[in-house]
Amino acid sequence: MCMSEVAMRHGLLGVILLVACEGRILTPGPAPFVSDLGAGGLRRLTRFEYDNSLETLLGDTSRPGFATLPEDAVTPFDNDYATQQVSTALVEAAEQLAQDAAAAAMADPVRRAALLPCQPSGPGDADCLRKFITTFGRRALRRPLASDEVDRYLTLQSFAIEDQRFETGVEWVIRVILQHPEFLYHVEVGTPEGADPAVRRLTDFELASRVSFLLLGTTPDDELLDEAEVGHLSDVTARRAHAEQLLSDPRAADQLDRFHALWLGYAQLPHPADLTAAMRAESRALVTRVVLDEKRDYRDLFRFTQTRVGDLLAEQYGLPLPGMEAWVDYGSDGRAGILSHGSVLSAFGKFGDTSPTQRGKFVRTRLFCQPIPPPPPTVNVDNPPPATTSRCKIDRYAAHRAQATCNSCHEKMDPIGFGLERYDGAGGYRTVEPDAPECTISGDGEIVGIGTFNGPGELGGLVIASGLLEPCLVRQVYRFAYGRQDAPRDEGDIQRLATGFTANGARLDQLLLEVVASEPFSLTRQESP
Amino acid sequence: MKRLCLSRRALLRGAAGLGVGLPWLEAMHQRAQAQTAPPKRYIVMFGGHSLGADNDMVRNLFAPDVIGRGYDLKAALAPIADYPGLQDEISVISGLTIPWAALNGGTTPPGGRPGPTFHADTASPLLSGVRSASGSALCNGPTSDQIVADQIAGNTTFRTLTLRAQALLYVVVGPDLGIMSHKSGGAGAAPIPVPPEVSPAAVFNALFGNFTSGLTPAQAARQNFLLRSRQSILDLVRGDTERLMPRLGAADQVRLSRHLDEIRDLERRVSAMPPVQAGACQRPADPGPDPALGMEQANPNNTLCGRIIRSSDVNLGYSGEDTRARVMCDLIHMAIACDLTRVATLMLTMFRSSMNMYPLIGVARDLHDVSHETDTATLSRAVAWHIKHFAYLAAKLGSTPEGNGTLLDNCAMLYLCEGGQGRNETGSDYSTHSSENMACLLAGRAGGLKPGQHIVATGQHPAAVITSAMNAVGVAVPGLGEVTGTIPQLFM
């Protein structure tokens, strides 16, 4: 059974009322102390964050974690702590990765020189090793080490002496620290705050980590840790200013690319490497231009009339070949914005073809944050609608929807997907069905309850006009920023951010800064066991 | 005890990876005096496939026509014939059913599944004997390998080996589809999933990294230095973890304590003395780096975007799983020969597997779509790829002497798969999404198993076969999860 729009609104209202009943509804503007935030748990670095951190810490660009660490669940973001499991495979991989990364760093004279803060006088130079432990430990654990911690790691120097090689001690220290749970996990202990013992205020160092991992997808650098050390991260104005600086770091574009690829479902594409790379580059270029380079109204992402492509994609789309990667105007085949990109159009196929249902579900769940309930237990979702008297896809789906039990849900999805049917599962344009040339594709679509459209450009316009995109984007950013699903207790903060986002020019860079500067960002609520 | 007669062909093939010092005649005929009764071993292999394709009246090419001994090998089981005599070590159990709600007045029956959201829902009934809730492949009870390990692992270094050949999900259809082992979470608590190891290189290092045979004194000294270093490093890591523990909230303490348990277990394994390398127990050849990950998903349809897409591109949705599976089998074999472990699971492919089958059978579909979009004959070639690895490991165990017999004589070795073919709720009588007409294999002679039969166990639950296998290795349980009963003919 599907919830009706009205019921969904009631559901949302219910959530708000629930929050309101607890007397915690938030109003826009600088909020005083807020204890209303959802509970979170110990979250592990994703494979992406792990590899980025190795690059930041050791200059290791081999991205070994991707192949070695357990695969992250994608729901749709890859960092939800509730999906993460401890395993033998994890602990063994962490050990092996640490060993290999440490050895590789010491074997490379350039990287070794960059890591060592002093010239050792010999294998037993305790001052030099202590200096290394202090600097590297602070960087990798994202906080200063206590002196007894430094002393513990210093015991490894006996192996350097036995091995007659100072670097052995360094290497062994790196191996320990890269297996430290405060490296592998986002540990947020904080200090007690207010009457609720579950709510903790993050330390400056913990805040530095949150900011850096959110905006750059990697561990904080020395400079940000220095700011934490002098207490600048707990100051909202200073924190926001530092965050703004980080957004000009090239890695911010990587992180935004990752957020969009996960949110919009194109982190994995079903194409050969060259085409996949071209599609990812196209979407990345638009995201970067809208959000970072020109700091435009975010809604432009869904209505931009130019795209950056090379010959491979231009040919795929039927555009004039630019010769080299360049911004080109879309033709008149109905394209505009990111929904026209091969990346997004490739993402929600099924049964070896485009799936109107999956594409419609994408719009409802990813762009509108409307839940689509799972099909009832008597429906087999793993088969395409069966053949009828007509071979045409639209007729088969129509027959399927003629059953009232199916239609209550599918009318929310399929008509959206059929509005994209002229764009195949790799972004190419077509007017007839590839396997049934007698079937003309009209490309007419409808978001039931909102309006009709034809093609991804008009869909983008309709998505914007619906007013549902902005609050949903805010909710998705919230989930990604906190590495968990949003909870009823988060509703006040999400509503406040959404109101501010729309009121202030709908800029995603500003939204990220608002998240960083918000009160809940500096707090954590421990889960009850 | 009956000994497996290996063909010359199988021997030549097996010899390369076997690493056993004994000439094959000795393996076949040597009557070593058994000092003590050899331990029993328990192995479960799993394939994420059904047995018959959608709308094909041929339900499967897995169950033989002949009942009893001397059964015929159809296409899905054909690889067993590569090892003459091996068939006499393997029983086929067909006609099995995991019941579902519609057959039970709409209520999910014990050990059953709720409905036709098929794939993930078979996991819990099949592997733990406990009914599933819709949509999750996590088991609602401990799985047989973990129950067995509690009783027979003894003080082996590896209480269980939990391995998987399929390297990645490839298509994000749901988490947890790649987990087939679950520990008991304690009374009243949900079972704890045990995610598998997927890197053959990592498993090799874990199992055999501290073997010392064949090293020069200088190499042995270096290895000793590295081992002591590793122990000191892990000791510090454990200390760091213990120091962090009290600073965390209660729920996070539970999470970190699992991490700490794994570190302690790793420390224990690293410090365990390597076994005496003699006879069948030898350090196997290093398998080298893992095959590259095929990071992208398979595109199952080569007509979709014919201009550019190469759906048969072997790098899509495939990460050298054929090699990974073979190496995993070699490692399980040697881990058992060295008594490093007595319990192993190997998930060849995941539930609802999105692994590209093109490199393996020349069909540009992922394994899931082979079931839906081809026919039973084609699907059986995909099934046969799985059975090839089962047969390879069984033959390898069956040609490795132990006591008066072979390693296989002391094993109960199961092959389980995701579905059969038959009725579903939407009216089809020939659906690949059906837990009717399922079948499995049981190899080995542990506990008096009498392999080599085809047993038709119409309507019985696969857990009855699993329970028989558990009984065979000395775990005297009346059933698994919510399913009671065994297949007595397996011992007759």
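A, B, ... follow the sequence lines: proteins, then strands. Residue 1 opens every chain.
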Structural part of [X] lying under 4.5 Å from a heavy atom of chain A:
{"X": "B:R222", "value": "side chain"}
{"X": "B:L236", "value": "both"}
{"X": "B:L226", "value": "side chain"}
{"X": "B:I179", "value": "side chain"}
{"X": "B:D290", "value": "neither"}
{"X": "B:T241", "value": "both"}
{"X": "B:D265", "value": "neither"}

Just so I understand: if I count every heavy-atom pair under 4.5 Å between each of [options] and chain B, which residue has the most?
{"options": "A:Y185, A:W172, A:F159", "answer": "A:F159"}
{"options": "A:D163, A:L90, A:I177, A:T68", "answer": "A:D163"}
{"options": "A:E71, A:E527, A:Q526", "answer": "A:E71"}
{"options": "A:Q99, A:Q84, A:Q85, A:Q96", "answer": "A:Q85"}
{"options": "A:P181, A:A267, A:P76", "answer": "A:P181"}
{"options": "A:E149, A:R200, A:R175", "answer": "A:R175"}

TODO: Considering only NZ, NE, NH1 and NH2 on the basic side and carboxylate oxygens on the acidic side, decide whether B:R247 and A:E188 come within less than 4.0 Å.
DONE: no
So, are B:R243 and A:E182 salt-bridged, with charged N and O less than 4.0 Å apart? no
_Quick one, B:L169 with A:Q268, criterion side-chain contact (heavy atoms from CB on, under 4.5 Å). Give me CA distance, side-chain angles, the key distance, then yes/no._
CA-CA 11 Å; B:L169 269 167; A:Q268 280 184 301; over 6 Å; no
Look up atom CG in B:L161 and atom OG1 in A:T88, then write down how far apart they are to the nearest 0.5 Å.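 It comes to 9.5 Å.
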message: To the nearest 0.5 Å, what is the distance between OG on A:S87 and CD on B:E197?
response: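 These two atoms lie 7.5 Å from each other.
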side-chain contact (heavy atoms from CB on, under 4.5 Å) for A:E95 and B:R230? Distances and angles first, verdict last. CA-CA 9 Å; A:E95 189 198 25; B:R230 194 177 169 199; 2.6 Å; yes
Quick check: closest heavy atoms across [X] and [Y], and the distance to 0.1 Å?
{"X": "B:A206", "Y": "A:E92", "answer": "CB-OE2, 3.5 Å"}
{"X": "A:A67", "Y": "B:L293", "answer": "CA-CD1, 3.4 Å"}
{"X": "B:R255", "Y": "A:G41", "answer": "NH1-CA, 3.8 Å"}
{"X": "A:A89", "Y": "B:P196", "answer": "CB-O, 3.6 Å"}

(message) Less than 3.5 Å apart, any donor N or O on the side chain of A:Y81 or B:D252 sitting next to an acceptor on the other?
(response)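 There is no such pair between these side chains.
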Check: What residues, two or more places apart in sequence or in another chain, satisfy salt bridge (Lys or Arg N to Asp or Glu O under 4.0 Å) together with A:R142?
Finding: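 In terms of salt bridge (Lys or Arg N to Asp or Glu O under 4.0 Å), with neighbours along the sequence ignored, A:R142 is linked to no residue.
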Do you know which of [options] has the most heavy-atom pairs under 4.5 Å to chain A?
{"options": "B:A101, B:P195, B:A202, B:A102", "result": "B:P195"}
{"options": "B:L234, B:T162, B:V254", "result": "B:L234"}
{"options": "B:G239, B:A167, B:A201", "result": "B:G239"}

> By a 4.5 Å heavy-atom criterion (distance strictly below it), what part of A:Q179 contacts chain B: side chain, backbone, both, or neither?
Replying inline: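 Contact with chain B: backbone and side chain both.
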Under 4.5 Å to a heavy atom of chain B? For A:S528 that would be backbone
| field | Step-by-step side-chain contact (heavy atoms from CB on, under 4.5 Å) determination, A:T168 to B:F225 | value | CA-CA 11 Å; A:T168 300; B:F225 173 76; 4.2 Å; yes
Worksheet entry | More than 12 heavy atoms from other groups under 6.0 Å of CZ on B:R258 |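 No, the 6.0 Å shell around CZ holds no more than 12 heavy atoms from other groups.
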Evaluate the side-chain proximity of A:T155 to B:S232: yes if any heavy-atom separation is below 4.5 Å, no if none is.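 No, their side chains stay 4.5 Å or more apart.
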Note to self: Under the criterion side-chain contact (heavy atoms from CB on, under 4.5 Å), I'd like the reasoning laid out for B:L244 against A:V187: C-alpha separation, chi angles, the key distance, then a yes or no.
What the structure shows: CA-CA 9 Å; B:L244 174 62; A:V187 173; 3.9 Å; yes
